[in-house]
Amino acid sequence: MALEDTIIQLKGMGKKFKTANGPVVALDDINLDIRRGEIFGIIGLSGAGKSTLVRCINMLEVPTSGEVLFEGQDLTSMSEAGRRKARQSMGMIFQQFNLLAQRNILKNICFPMEISGERRYSRTEARDRAMELLKLVGLEDRAGAYPAQLSGGQKQRVAIARAIATNPKVLLCDEATSALDPNTTKSILQLLKQINRDFGITVIVITHEMSVIESICDRVAIIDKSHIAEVGRVSDIFSEPKSKIGRQLILGDAVTNVAFDNSRKIRIIFDGRESMEPVIANMILASKVPVNILYASTRDVGGKAMGQMIIQLPEDADSAGRALHYLDTVKIPYEEVTGDDI
Ligand code: ADP
């Protein structure tokens with residue numbers, strides 16, 4: 001579907017909580033445009049502010065500064081009635097499913113239609129629509145079951161059916177697959193993708209798992225310590241994360257606590273005395289310092305390496321020193337490379 005316009009816009013949005021220990025800044029100066037019809041991911045570590053962000057989008061939490069525009073209208077300056085109406089255009093699903101335990105699943109799905117202020121549904125109408133949705137999520141034969149009788153994946157399917165029962169424009173998913181095993185996660189993500197594609201519902205996915213973003217999102221915002229660290233197309237951010245937190249989430253801890261931006265580069269000369277791979281691997285193991293290999297032109301000659309390799313050392317002088325110390329100890333020749341001269 002065409003991604004033509006902005007459906008949700010956050011402008012300088014912030015949220016502070018008052019606590020007994022003083023104010024907690026959960027979000028600060030958040031600026032985001034979410035486009036109609038896209039699957040937008042928001043990823044960050046625990047405590048980064050993801051849940052607060054998604055709850056501010058539908059006004060379950062009221063931001064303490066900035067604006068939340070939904071289809072061009074600022075929800076922060078609306079009456080509670082206006083916000084409630086806007087909230088009905090935004091379905092939501094949660095990690096813990098939040099189904100009504102005392103109602104069977106057909107009645108769980110009918111529930112939002114019973115309380116809908118937007119459009120009145122007769123009982124038969126609500127029932128027919130609920131059955132249609134159960135079919136869509138593959139549970140038409142479980143209409144009379146109670147939530148406790150279902151698996152986690154089935155409960156999330158019911159929650160999805162319930163969330164889209166009143167034809168919302170947006171579906172907010174707060175860690176919706178975090179309580180599920182990998183296979184069930186996959187099938188729920190496929191269902192979200194199908195709903196996005198078939199009904200054009202904009203989907204916003206909050207997660208701490210990069211694999212979730214990778215499998216269904218068009219664009220992603222990385223959030224770190226209450227701020228947006230970077231936003232972009234998933235393919236761009238995955239191939240070249242620019243923020244430290246982006247590198248950490250995508251590449252893993254080993255590479256990342258380390259800054260390489262303004263660091264020294266060295267050329268290692270392989271003259272046939274050493275085999276190539278153990279030199280670099282042993283250097284990393286002995287010095288506990290990760291390096292970037294920028295360029296390698298080496299040939300394996302009877303198990304020995306000939307040629308050269310340019311590696312980039314971490315910015316931090318101690319770490320760089322440890323890596324070089326290893327090369328000195330094992331008497332591998334190297335020279336400093338300056339600028340872009342490789
Ligand atoms: P995430 O979803 O990324 O784990 P949250 O949005 O839940 O992060 O929390 C962000 C920050 O805001 C955390 O420091 C958290 O302790 C704080 N926070 C969230 N909700 C409340 C609340 N109702 N009262 C006080 N602090 C809160």
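Since the structure is predicted, the reported quantities are computational estimates derived from the model, not experimental observations. As the structure lists them, so they are numbered: ligands from 1, and atoms in each ligand from 1.
Between atom CG of residue L133 and atom CD1 of residue I160 there is a gap of 11.0 Å, rounded to the nearest 0.5 Å.
With a 4.5 Å cut-off on side-chain heavy atoms, L172 and N58 count as touching.
For R162 and N98, the side-chain atoms include no donor-acceptor pair closer than 3.5 Å. With hydrogens and angles left out, the side-chain atoms of T19 and N21 include no donor and acceptor closer than 3.5 Å. E230 and S243 share a donor-acceptor pair across their side chains, judged by distance under 3.5 Å alone.
With I8 as reference, V170 is the one residue of L69, V170, T202, D33 to meet the side chain to side chain contact (heavy atoms under 4.5 Å, CB included) rule.
Each of F17, T19, V24, A26, L45, S46, G47, A48, G49, K50, S51, T52 has a non-hydrogen atom positioned under 4.0 Å from some atom of ligand 1.
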